[in-house]
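Worksheet: the structure to be examined is printed underneath.
Computed from a predicted model, the values in this text were never measured in an experiment.
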Amino acid sequence: MNIIDLYEKYDNLYYIGGVVRDILIKMPSQDVDITVEGNAIEFCENLEDCEIVQTNPDFGTVRVKINKQIYDIASTRKEIYPQKGHLPKIVEIGCSIKDDVIRRDFTINALAKNTKTGEIIDYVNGREDIQNKKLRVLHDESFIDDPTRIIRGLKFATRFGFSLDEHTKILQDNYLKNINYDMCYKRMKDELISTFNLNSNKAFSTFINDKIYKLITEKEIKLPDYDIQNLVGKYYKKINNVWLIYIALVDTEKLELNKTEIKIVEDYKNLLEMDLTNDYDIVKAFENCEIESILLYEITKNDGKAIKYLDKLNEIKPEINGNDLKQIGVPPSEKYAKIFDYILQEKLKNPELTKMEELELAQKYEKNTKNM
Ligand code: ATP
(Lines give C-alpha, C1' and ligand atoms only; values in the text may rest on other atoms or scores of the structure.)
Protein backbone atom coordinates (compact mmCIF):
# COMPACT_ATOMS: atom_id res chain seq x y z
CA MET A 1 0.00 0.00 0.00
CA ASN A 2 1.20 3.52 -0.72
CA ILE A 3 -0.35 6.78 0.47
CA ILE A 4 -2.33 7.27 -2.75
CA ASP A 5 -4.00 3.86 -2.24
CA LEU A 6 -4.93 5.04 1.23
CA TYR A 7 -6.30 8.34 -0.06
CA GLU A 8 -8.43 6.55 -2.61
CA LYS A 9 -9.71 3.86 -0.28
CA TYR A 10 -11.11 5.88 2.62
CA ASP A 11 -13.62 8.68 2.46
CA ASN A 12 -12.78 10.32 5.82
CA LEU A 13 -9.35 11.63 4.87
CA TYR A 14 -8.80 15.28 4.01
CA TYR A 15 -6.08 17.62 2.89
CA ILE A 16 -6.63 20.53 5.20
CA GLY A 17 -5.64 24.14 5.83
CA GLY A 18 -2.87 25.85 3.91
CA VAL A 19 -2.40 23.09 1.35
CA VAL A 20 -5.97 23.43 0.02
CA ARG A 21 -5.57 27.20 -0.13
CA ASP A 22 -2.29 26.78 -2.03
CA ILE A 23 -3.87 24.33 -4.50
CA LEU A 24 -6.58 26.92 -5.25
CA ILE A 25 -4.13 29.80 -5.49
CA LYS A 26 -1.87 27.55 -7.58
CA MET A 27 1.12 28.11 -5.35
CA PRO A 28 3.55 25.48 -4.09
CA SER A 29 2.80 24.38 -0.53
CA GLN A 30 5.30 24.49 2.31
CA ASP A 31 3.76 21.38 3.84
CA VAL A 32 0.83 19.06 3.29
CA ASP A 33 -1.48 18.60 6.28
CA ILE A 34 -3.62 15.48 6.30
CA THR A 35 -6.51 14.99 8.71
CA VAL A 36 -8.75 12.05 9.47
CA GLU A 37 -12.32 12.92 10.32
CA GLY A 38 -12.26 10.91 13.53
CA ASN A 39 -9.37 9.66 15.61
CA ALA A 40 -6.22 9.43 13.48
CA ILE A 41 -4.36 7.18 15.91
CA GLU A 42 -7.12 4.57 15.97
CA PHE A 43 -7.52 4.91 12.22
CA CYS A 44 -3.84 4.21 11.58
CA GLU A 45 -3.70 1.35 14.10
CA ASN A 46 -6.29 -0.46 12.02
CA LEU A 47 -4.45 -0.04 8.73
CA GLU A 48 -2.44 -2.79 7.12
CA ASP A 49 1.09 -1.96 5.92
CA CYS A 50 1.23 1.09 8.14
CA GLU A 51 3.92 1.35 10.79
CA ILE A 52 3.15 3.67 13.68
CA VAL A 53 6.31 5.66 14.38
CA GLN A 54 5.02 8.01 17.06
CA THR A 55 1.74 9.08 18.58
CA ASN A 56 0.68 12.13 20.53
CA PRO A 57 -2.66 11.15 22.09
CA ASP A 58 -3.15 14.60 23.70
CA PHE A 59 -3.26 16.17 20.24
CA GLY A 60 -4.58 13.14 18.40
CA THR A 61 -1.67 13.21 15.99
CA VAL A 62 0.26 10.26 14.64
CA ARG A 63 3.43 9.81 12.63
CA VAL A 64 3.40 6.81 10.37
CA LYS A 65 5.60 5.05 7.85
CA ILE A 66 3.83 3.93 4.74
CA ASN A 67 5.82 2.41 1.90
CA LYS A 68 9.06 3.73 3.49
CA GLN A 69 7.74 7.31 3.61
CA ILE A 70 6.94 9.26 6.77
CA TYR A 71 3.57 11.06 7.11
CA ASP A 72 2.02 13.08 9.92
CA ILE A 73 -1.70 12.57 10.21
CA ALA A 74 -3.97 14.60 12.50
CA SER A 75 -7.35 13.87 14.02
CA THR A 76 -10.12 16.39 13.61
CA ARG A 77 -10.20 18.43 16.80
CA LYS A 78 -12.23 21.09 18.49
CA GLU A 79 -10.48 23.80 20.50
CA ILE A 80 -11.35 26.60 22.89
CA TYR A 81 -9.31 29.48 24.29
CA PRO A 82 -9.80 29.45 28.08
CA GLN A 83 -6.88 31.87 28.47
CA LYS A 84 -7.02 34.48 25.75
CA GLY A 85 -3.76 34.92 23.86
CA HIS A 86 -2.39 31.58 25.04
CA LEU A 87 -2.43 28.09 23.62
CA PRO A 88 -5.89 26.70 22.98
CA LYS A 89 -7.29 23.74 24.85
CA ILE A 90 -8.45 20.74 22.89
CA VAL A 91 -11.97 19.82 23.96
CA GLU A 92 -12.71 17.06 21.49
CA ILE A 93 -10.61 14.74 19.37
CA GLY A 94 -12.43 13.13 16.50
CA CYS A 95 -15.02 15.89 16.04
CA SER A 96 -16.73 16.68 12.76
CA ILE A 97 -14.68 18.17 9.94
CA LYS A 98 -16.83 21.28 10.32
CA ASP A 99 -15.77 21.84 13.94
CA ASP A 100 -12.17 21.29 12.90
CA VAL A 101 -12.20 23.91 10.17
CA ILE A 102 -14.07 26.58 12.07
CA ARG A 103 -11.37 26.74 14.76
CA ARG A 104 -8.96 28.13 12.18
CA ASP A 105 -7.63 31.63 11.59
CA PHE A 106 -8.87 32.85 8.19
CA THR A 107 -11.51 31.55 5.82
CA ILE A 108 -8.84 30.91 3.19
CA ASN A 109 -7.21 28.48 5.66
CA ALA A 110 -10.46 26.79 6.65
CA LEU A 111 -10.83 24.63 3.57
CA ALA A 112 -10.59 20.86 3.37
CA LYS A 113 -10.33 18.62 0.34
CA ASN A 114 -11.50 15.03 0.48
CA THR A 115 -8.64 12.85 -0.71
CA LYS A 116 -10.95 10.26 -2.26
CA THR A 117 -13.55 12.37 -4.02
CA GLY A 118 -11.56 15.59 -4.45
CA GLU A 119 -14.58 17.48 -3.08
CA ILE A 120 -13.67 20.77 -1.46
CA ILE A 121 -15.35 21.33 1.90
CA ASP A 122 -15.98 25.02 2.37
CA TYR A 123 -18.26 26.03 5.26
CA VAL A 124 -17.05 29.60 5.43
CA ASN A 125 -16.83 30.85 1.82
CA GLY A 126 -13.08 30.47 1.79
CA ARG A 127 -13.05 29.87 -1.96
CA GLU A 128 -14.85 33.12 -2.63
CA ASP A 129 -12.41 34.98 -0.37
CA ILE A 130 -9.50 33.45 -2.27
CA GLN A 131 -11.05 34.68 -5.50
CA ASN A 132 -11.57 38.15 -4.06
CA LYS A 133 -8.10 38.11 -2.42
CA LYS A 134 -9.60 38.76 1.00
CA LEU A 135 -8.50 37.72 4.46
CA ARG A 136 -11.48 37.24 6.72
CA VAL A 137 -11.54 35.88 10.27
CA LEU A 138 -14.16 33.33 11.16
CA HIS A 139 -15.64 35.14 14.16
CA ASP A 140 -15.42 38.45 16.01
CA GLU A 141 -13.38 37.07 18.95
CA SER A 142 -10.69 35.65 16.67
CA PHE A 143 -7.93 38.18 17.43
CA ILE A 144 -8.82 38.25 21.12
CA ASP A 145 -8.45 34.47 21.26
CA ASP A 146 -5.19 34.54 19.40
CA PRO A 147 -3.53 37.85 18.46
CA THR A 148 -0.79 36.04 16.53
CA ARG A 149 -3.45 35.81 13.83
CA ILE A 150 -2.87 39.51 13.16
CA ILE A 151 0.71 38.72 12.20
CA ARG A 152 -0.46 35.67 10.24
CA GLY A 153 -2.81 37.96 8.33
CA LEU A 154 0.09 40.24 7.52
CA LYS A 155 2.09 37.23 6.34
CA PHE A 156 -0.64 35.98 4.02
CA ALA A 157 -1.34 39.51 2.77
CA THR A 158 2.35 39.85 1.92
CA ARG A 159 2.73 36.42 0.42
CA PHE A 160 -0.40 36.40 -1.71
CA GLY A 161 -1.08 40.11 -2.22
CA PHE A 162 -4.38 39.76 -0.33
CA SER A 163 -5.97 42.42 1.90
CA LEU A 164 -8.03 42.31 5.08
CA ASP A 165 -11.76 42.38 4.54
CA GLU A 166 -13.35 45.53 5.95
CA HIS A 167 -14.92 43.97 9.04
CA THR A 168 -11.74 42.02 9.83
CA LYS A 169 -9.75 45.26 9.62
CA ILE A 170 -12.14 46.89 12.12
CA LEU A 171 -11.72 43.91 14.48
CA GLN A 172 -7.96 44.17 14.12
CA ASP A 173 -7.95 47.93 14.80
CA ASN A 174 -10.17 47.45 17.83
CA TYR A 175 -7.90 44.76 19.20
CA LEU A 176 -4.80 46.88 18.64
CA LYS A 177 -6.37 49.73 20.61
CA ASN A 178 -6.87 47.41 23.53
CA ILE A 179 -4.13 44.78 23.53
CA ASN A 180 -3.91 42.11 26.17
CA TYR A 181 -0.14 41.90 26.62
CA ASP A 182 -0.50 38.69 28.62
CA MET A 183 0.03 36.46 25.62
CA CYS A 184 2.24 33.71 24.33
CA TYR A 185 5.20 35.58 22.85
CA LYS A 186 6.85 32.40 21.68
CA ARG A 187 4.11 31.92 19.10
CA MET A 188 4.23 35.61 18.28
CA LYS A 189 7.95 35.36 17.65
CA ASP A 190 7.46 32.35 15.33
CA GLU A 191 4.95 34.30 13.27
CA LEU A 192 7.16 37.40 13.18
CA ILE A 193 10.01 35.24 11.92
CA SER A 194 8.02 33.73 9.07
CA THR A 195 6.46 37.09 8.16
CA PHE A 196 9.54 39.29 8.21
CA ASN A 197 11.80 36.68 6.67
CA LEU A 198 9.75 37.46 3.55
CA ASN A 199 11.81 40.70 3.43
CA SER A 200 9.07 43.08 2.40
CA ASN A 201 9.03 46.86 2.80
CA LYS A 202 5.30 46.69 2.28
CA ALA A 203 4.79 44.27 5.18
CA PHE A 204 6.92 46.49 7.39
CA SER A 205 5.12 49.69 6.48
CA THR A 206 1.75 48.00 7.17
CA PHE A 207 3.18 46.69 10.45
CA ILE A 208 4.11 50.23 11.47
CA ASN A 209 1.36 52.32 9.83
CA ASP A 210 -1.49 50.05 10.98
CA LYS A 211 0.07 49.95 14.46
CA ILE A 212 0.39 46.16 14.39
CA TYR A 213 3.78 46.70 16.05
CA LYS A 214 1.85 47.59 19.22
CA LEU A 215 1.57 43.82 19.75
CA ILE A 216 5.24 43.72 20.73
CA THR A 217 5.83 47.12 22.27
CA GLU A 218 4.03 49.88 24.07
CA LYS A 219 6.40 52.46 22.58
CA GLU A 220 5.55 54.71 19.64
CA ILE A 221 7.51 53.68 16.54
CA LYS A 222 8.02 55.54 13.27
CA LEU A 223 8.75 53.97 9.92
CA PRO A 224 12.43 54.49 9.08
CA ASP A 225 13.03 56.34 5.85
CA TYR A 226 15.11 53.58 4.32
CA ASP A 227 14.62 50.96 1.59
CA ILE A 228 15.28 48.00 3.90
CA GLN A 229 14.06 45.40 1.41
CA ASN A 230 16.64 46.53 -1.12
CA LEU A 231 19.43 46.63 1.44
CA VAL A 232 18.60 43.17 2.76
CA GLY A 233 18.24 41.90 -0.82
CA LYS A 234 21.79 43.02 -1.57
CA TYR A 235 23.30 40.97 1.26
CA TYR A 236 20.57 38.31 1.44
CA LYS A 237 22.82 35.25 1.18
CA LYS A 238 24.90 36.35 4.15
CA ILE A 239 21.96 37.04 6.48
CA ASN A 240 20.54 34.34 8.74
CA ASN A 241 17.99 36.47 10.59
CA VAL A 242 16.32 38.78 8.09
CA TRP A 243 13.29 39.12 10.40
CA LEU A 244 15.41 40.49 13.22
CA ILE A 245 16.61 43.39 11.09
CA TYR A 246 12.99 44.56 10.90
CA ILE A 247 11.96 43.70 14.43
CA ALA A 248 15.03 45.13 16.19
CA LEU A 249 14.03 48.50 14.70
CA VAL A 250 10.84 48.19 16.71
CA ASP A 251 11.50 46.44 20.03
CA THR A 252 12.57 42.95 21.02
CA GLU A 253 12.08 43.21 24.76
CA LYS A 254 8.97 41.03 24.96
CA LEU A 255 10.41 38.35 22.67
CA GLU A 256 12.55 35.56 23.98
CA LEU A 257 15.72 35.90 21.95
CA ASN A 258 18.41 33.26 21.69
CA LYS A 259 22.10 34.02 22.33
CA THR A 260 22.92 35.01 18.76
CA GLU A 261 19.84 37.20 18.50
CA ILE A 262 20.68 38.94 21.79
CA LYS A 263 24.19 39.64 20.54
CA ILE A 264 22.82 41.10 17.30
CA VAL A 265 20.55 43.51 19.15
CA GLU A 266 23.15 44.47 21.79
CA ASP A 267 25.88 45.05 19.20
CA TYR A 268 23.48 47.20 17.18
CA LYS A 269 22.69 49.35 20.21
CA ASN A 270 26.39 49.67 21.07
CA LEU A 271 27.26 50.61 17.49
CA LEU A 272 24.83 53.51 17.65
CA GLU A 273 26.79 54.97 20.58
CA MET A 274 30.12 54.89 18.77
CA ASP A 275 31.91 57.74 17.12
CA LEU A 276 33.34 56.29 13.93
CA THR A 277 35.69 58.94 12.63
CA ASN A 278 37.98 56.99 10.31
CA ASP A 279 38.19 53.69 8.42
CA TYR A 280 40.11 52.03 11.23
CA ASP A 281 37.34 52.94 13.72
CA ILE A 282 34.78 51.52 11.30
CA VAL A 283 36.62 48.21 10.90
CA LYS A 284 37.18 47.85 14.63
CA ALA A 285 33.52 48.62 15.38
CA PHE A 286 32.07 46.19 12.85
CA GLU A 287 34.60 43.37 12.65
CA ASN A 288 33.09 41.24 15.41
CA CYS A 289 29.46 42.04 14.64
CA GLU A 290 26.95 39.92 12.78
CA ILE A 291 25.82 41.38 9.48
CA GLU A 292 22.35 42.03 10.95
CA SER A 293 23.81 44.50 13.49
CA ILE A 294 25.81 46.21 10.76
CA LEU A 295 22.76 46.62 8.53
CA LEU A 296 20.69 47.86 11.47
CA TYR A 297 23.33 50.51 12.04
CA GLU A 298 23.12 51.51 8.36
CA ILE A 299 19.32 51.74 8.43
CA THR A 300 19.35 53.85 11.57
CA LYS A 301 22.31 56.14 10.88
CA ASN A 302 22.16 56.11 7.08
CA ASP A 303 25.71 57.49 6.88
CA GLY A 304 27.11 54.92 4.43
CA LYS A 305 29.77 53.69 6.88
CA ALA A 306 28.32 50.19 7.23
CA ILE A 307 28.09 49.84 3.45
CA LYS A 308 31.67 51.04 3.08
CA TYR A 309 32.70 48.40 5.60
CA LEU A 310 30.76 45.57 3.95
CA ASP A 311 31.69 46.43 0.37
CA LYS A 312 35.26 47.57 0.80
CA LEU A 313 36.96 47.84 4.18
CA ASN A 314 36.03 44.31 5.19
CA GLU A 315 38.23 43.01 2.37
CA ILE A 316 41.30 44.93 3.46
CA LYS A 317 43.43 42.70 5.65
CA PRO A 318 47.16 42.44 6.37
CA GLU A 319 48.79 39.79 4.22
CA ILE A 320 51.48 38.93 6.72
CA ASN A 321 50.90 36.29 9.37
CA GLY A 322 52.55 34.99 12.52
CA ASN A 323 55.04 32.87 10.58
CA ASP A 324 56.20 35.91 8.66
CA LEU A 325 56.78 37.76 11.92
CA LYS A 326 58.72 34.81 13.31
CA GLN A 327 60.89 34.77 10.22
CA ILE A 328 61.87 38.40 10.65
CA GLY A 329 62.87 37.64 14.21
CA VAL A 330 59.89 38.75 16.26
CA PRO A 331 59.36 36.14 18.97
CA PRO A 332 55.72 35.02 19.34
CA SER A 333 54.02 37.11 22.01
CA GLU A 334 50.98 39.26 22.69
CA LYS A 335 52.74 41.91 20.66
CA TYR A 336 51.73 40.13 17.46
CA ALA A 337 48.19 41.45 17.84
CA LYS A 338 49.52 44.99 18.18
CA ILE A 339 51.66 44.59 15.10
CA PHE A 340 48.77 43.25 13.01
CA ASP A 341 46.63 46.10 14.23
CA TYR A 342 49.25 48.62 13.24
CA ILE A 343 49.60 47.02 9.79
CA LEU A 344 45.83 47.08 9.42
CA GLN A 345 45.79 50.81 10.16
CA GLU A 346 48.46 51.40 7.56
CA LYS A 347 46.77 49.14 5.04
CA LEU A 348 43.47 50.96 5.45
CA LYS A 349 45.29 54.20 4.66
CA ASN A 350 47.03 52.56 1.71
CA PRO A 351 45.37 49.33 0.50
CA GLU A 352 48.03 48.96 -2.20
CA LEU A 353 50.71 48.02 0.37
CA THR A 354 52.55 44.88 -0.72
CA LYS A 355 53.47 42.03 1.59
CA MET A 356 57.13 43.17 1.47
CA GLU A 357 56.11 46.68 2.52
CA GLU A 358 53.98 45.25 5.31
CA LEU A 359 56.98 43.29 6.56
CA GLU A 360 59.15 46.38 6.47
CA LEU A 361 56.55 48.30 8.46
CA ALA A 362 56.31 45.45 10.94
CA GLN A 363 60.05 45.45 11.37
CA LYS A 364 60.14 49.21 11.93
CA TYR A 365 57.28 48.99 14.41
CA GLU A 366 59.05 46.23 16.28
CA LYS A 367 62.27 48.28 16.44
CA ASN A 368 60.52 51.44 17.64
CA THR A 369 58.58 49.64 20.31
CA LYS A 370 61.20 47.12 21.42
CA ASN A 371 61.42 48.27 25.00
CA MET A 372 57.77 49.18 25.44
P1 ATP B 1 2.33 28.04 5.58
O2 ATP B 1 2.23 27.93 4.11
O3 ATP B 1 3.01 29.29 6.06
O4 ATP B 1 2.81 26.80 6.26
P5 ATP B 1 -0.19 27.38 6.67
O6 ATP B 1 -1.51 28.04 6.54
O7 ATP B 1 -0.06 25.98 6.20
O8 ATP B 1 0.84 28.32 5.97
P9 ATP B 1 0.58 26.62 9.31
O10 ATP B 1 1.17 27.54 10.31
O11 ATP B 1 1.35 25.44 8.88
O12 ATP B 1 0.24 27.58 8.13
O13 ATP B 1 -0.83 26.16 9.81
C14 ATP B 1 -1.58 25.15 9.18
C15 ATP B 1 -3.05 25.47 9.34
O16 ATP B 1 -3.39 25.50 10.72
C17 ATP B 1 -3.44 26.83 8.78
O18 ATP B 1 -3.72 26.78 7.41
C19 ATP B 1 -4.66 27.16 9.61
O20 ATP B 1 -5.78 26.49 9.12
C21 ATP B 1 -4.33 26.54 10.97
N22 ATP B 1 -3.70 27.52 11.86
C23 ATP B 1 -2.39 27.78 12.03
N24 ATP B 1 -2.19 28.73 12.96
C25 ATP B 1 -3.39 29.07 13.40
C26 ATP B 1 -3.85 29.99 14.39
N27 ATP B 1 -3.01 30.76 15.07
N28 ATP B 1 -5.18 30.06 14.60
C29 ATP B 1 -6.03 29.27 13.93
N30 ATP B 1 -5.67 28.41 12.98
C31 ATP B 1 -4.36 28.29 12.72
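A distance-only check finds no donor-acceptor pair linking the side chain of Asp129 to the backbone of Leu135 [under 3.5 Å]. At least one donor-acceptor pair closer than 3.5 Å links the side chain of Arg149 to the backbone N or O of Ser142. Under the 3.5 Å distance criterion, the side-chain polar atoms of Asp324 are matched with a main-chain donor or acceptor of Asn321. Formation of a donor-acceptor pair under 3.5 Å by the Glu292 side chain with backbone atoms of Leu244 is not found in this model. In this structure, His167 contributes its side chain and Asp140 its backbone to no donor-acceptor pair below 3.5 Å. Panel note: side chain Tyr268, backbone Ile245; no donor-acceptor pair is recorded below 3.5 Å. No donor-acceptor distance shorter than 3.5 angstrom exists from the side chain of Asp251 to the backbone of Thr217, with no hydrogens or angles considered. Judged purely by atom type and a 3.5 angstrom limit, Glu358 uses its side chain to pair as donor or acceptor with the backbone of Ile320. Panel note: side chain Ser200, backbone Lys202; a donor-acceptor pair is recorded below 3.5 Å. Side-chain atoms of Arg104 come within 3.5 Å of backbone N or O of Asp100 as a donor-acceptor pair.
Within the 4.5 Å cutoff, no side-chain heavy atoms of Val242 are placed close to those of Phe196. For the pair Tyr15/Asp33, no side-chain contact is recorded, criterion being any heavy-atom separation below 4.5 Å from C-beta on. No side-chain heavy atom of Thr117 sits under 4.5 Å from any side-chain heavy atom of Asp11. Looking at Leu310 and Ile291, their side chains come closer than 4.5 Å, going by heavy atoms from C-beta outward. Taking the side chain as every heavy atom from C-beta outward, Met1 and Glu48 never approach each other to under 4.5 Å. Looking at heavy atoms from C-beta onward, Tyr235 lies in side-chain contact with Asp311 at the 4.5 angstrom threshold. When side chains are defined from C-beta on, Thr107 counts as touching Leu138, because their heavy atoms get closer than 4.5 Å. Between Glu37 and Ser96, some side-chain heavy-atom pair lies under the 4.5 Å cut-off.
Salt-bridge formation is detected for the pair Lys254/Glu218: a Lys NZ or Arg NE/NH1/NH2 atom is positioned less than 4.0 Å from an Asp or Glu carboxylate oxygen. Ionic pairing of Lys211 and Glu220 is present here: one or more N-O contacts between side-chain nitrogen and carboxylate oxygen are shorter than 4.0 angstrom. A salt bridge is defined here as a Lys NZ or Arg NE, NH1 or NH2 lying under 4.0 Å from an Asp or Glu carboxylate O, and Glu346 with Lys364 fails to meet this definition. Ion pairing of Lys134 with Asp165 is absent here, as no side-chain N (NZ or NE/NH1/NH2) approaches a carboxylate O to less than 4.0 Å. We find that Asp281 and Lys305 are not joined by a salt bridge, their nearest charged nitrogen and carboxylate oxygen being 4.0 Å or further apart. The residues Glu290 and Lys263 are annotated as not salt-bridged, no charged nitrogen and carboxylate oxygen being separated by less than 4.0 angstrom. In summary, Lys189 and Glu256 do not engage in a salt bridge, as defined by a charged side-chain N under 4.0 Å from a carboxylate O. Between Asp279 and Lys312, none of the side-chain N atoms (NZ, or NE/NH1/NH2) sits under 4.0 Å from a carboxylate O, so this pair counts as no salt bridge. Here Arg187 pairs with Asp146 in a salt bridge; the nearest charged N to carboxylate O distance falls below 4.0 Å.
The ring of Phe286 has its center closer than 6.0 angstrom to the ring center of Tyr297. Aromatic pair Tyr246/Phe207: centroids not less than 6.0 angstrom apart.
Tracing side-chain contacts under 4.5 Å through hydrophobic residues (I, L, V, M, F, W, Y), one reaches Tyr123 starting from Ile16; they form part of the same cluster. With hydrophobic clusters built from ILVMFWY side chains whose heavy atoms lie under 4.5 angstrom apart, Ile4 shares a cluster with Val19. Using a 4.5 Å cut-off between side-chain heavy atoms of Ile, Leu, Val, Met, Phe, Trp and Tyr, with links allowed through other members, Ile264 and Met274 fall into the same hydrophobic cluster. Grouping the Ile, Leu, Val, Met, Phe, Trp and Tyr side chains by contacts below 4.5 angstrom, directly or via other members, places Leu361 apart from Leu344. By the rule that hydrophobic residues join a cluster once side-chain heavy atoms approach within less than 4.5 Å of another member, Ile102 and Val36 end up as members of separate clusters.
In terms of heavy atoms, Tyr309 sits closest to Ile294 at CE2-CD1, 3.8 Å. Taking each heavy atom of Ala285 and Leu271 in turn, the nearest pair found is O-CD2, 3.6 Å. The shortest non-hydrogen separation linking Gly126 to Leu111 is CA-CD2, 4.2 Å. The minimum heavy-atom distance linking Asp145 with Lys84 is given by the pair OD1-NZ, 2.8 Å. Contact record, Ala40 with Gly60: CB-O, 3.7 Å, taken as the closest heavy-atom pair. Taking every heavy atom of both residues into account, Leu215 and Tyr181 meet most closely at O-CE2, 3.7 Å.
Counting heavy-atom neighbours within 6.0 Å of Glu253 CD, excluding the residue itself, gives a total of 12 or less. The neighbour count for Phe59 CZ, taken as heavy atoms of other residues, nucleotides or ligands under 6.0 Å away, does not exceed 12. Remark: Lys186 NZ is loosely packed, at most 12 non-hydrogen atoms of other residues, nucleotides or ligands lying under 6.0 Å away. With a 6.0 Å radius and a threshold of 12 heavy atoms from other residues, nucleotides or ligands, Asp225 has its CG atom at or below the threshold. The number of heavy atoms from other shown groups lying within 6.0 Å of NZ (Lys65) does not exceed 12. Taking a 6.0 Å sphere around NZ of Lys133, one finds it holds 12 or fewer heavy atoms contributed by other residues, nucleotides or ligands.
Note that the CD atom of Glu357 and the CD1 atom of Ile343 stand 10.5 Å from one another [nearest 0.5 Å]. Between atom CG of residue Asn314 and atom NZ of residue Lys308 there is a gap of 13.0 Å, rounded to the nearest 0.5 Å. Here the CD1 atom belonging to Ile179 is positioned 7.0 Å from the CD1 atom belonging to Ile150, to the nearest 0.5 angstrom.
Of the options Asn39, Asp58, Ile41, a side chain to side chain contact (heavy atoms under 4.5 Å, CB included) to Ile93 is made by Asn39 and by none of the others.
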Show your reasoning for whether side chain to side chain contact (heavy atoms under 4.5 Å, CB included) applies to Ile121 and Val101.
CA-CA 9 Å; Ile121 309 294; Val101 292; 5.7 Å; no
Run Ile130 and Arg21 through side chain to side chain contact (heavy atoms under 4.5 Å, CB included) and show every step you take.
CA-CA 8 Å; Ile130 287 177; Arg21 171 201 71 211; 4.2 Å; yes
Can you check ring pair (Phe, Tyr, Trp, His ring centres under 6.0 Å) on Phe43 and Tyr10, steps first, answer last?
CA-CA 10 Å; Phe43 175 81; Tyr10 295 92; 4.9 Å; yes
Under the side chain to side chain contact (heavy atoms under 4.5 Å, CB included) rule, what do Arg77 and Arg103 come out as? Steps first, then yes or no, please.
CA-CA 9 Å; Arg77 64 175 193 256; Arg103 70 178 165 84; 3.7 Å; yes
Pair Thr369, Lys335 - check side-chain hydrogen bond (donor to acceptor under 3.5 Å, both in side chains), show working.
CA-CA 10 Å; Thr369 57; Lys335 200 165 175 193; 2.9 Å; yes
Should Asp173 and Lys177 be marked as a salt bridge (Lys or Arg N to Asp or Glu O under 4.0 Å) after you check the CA-CA gap, both sets of side-chain angles, and the distance that decides it?
CA-CA 6 Å; Asp173 289 344; Lys177 277 183 207 140; 5.9 Å; no
Please assess Asn201 against Asp227 for the test side-chain hydrogen bond (donor to acceptor under 3.5 Å, both in side chains), listing each intermediate value before the final yes or no.
CA-CA 7 Å; Asn201 277 339; Asp227 184 346; 2.7 Å; yes
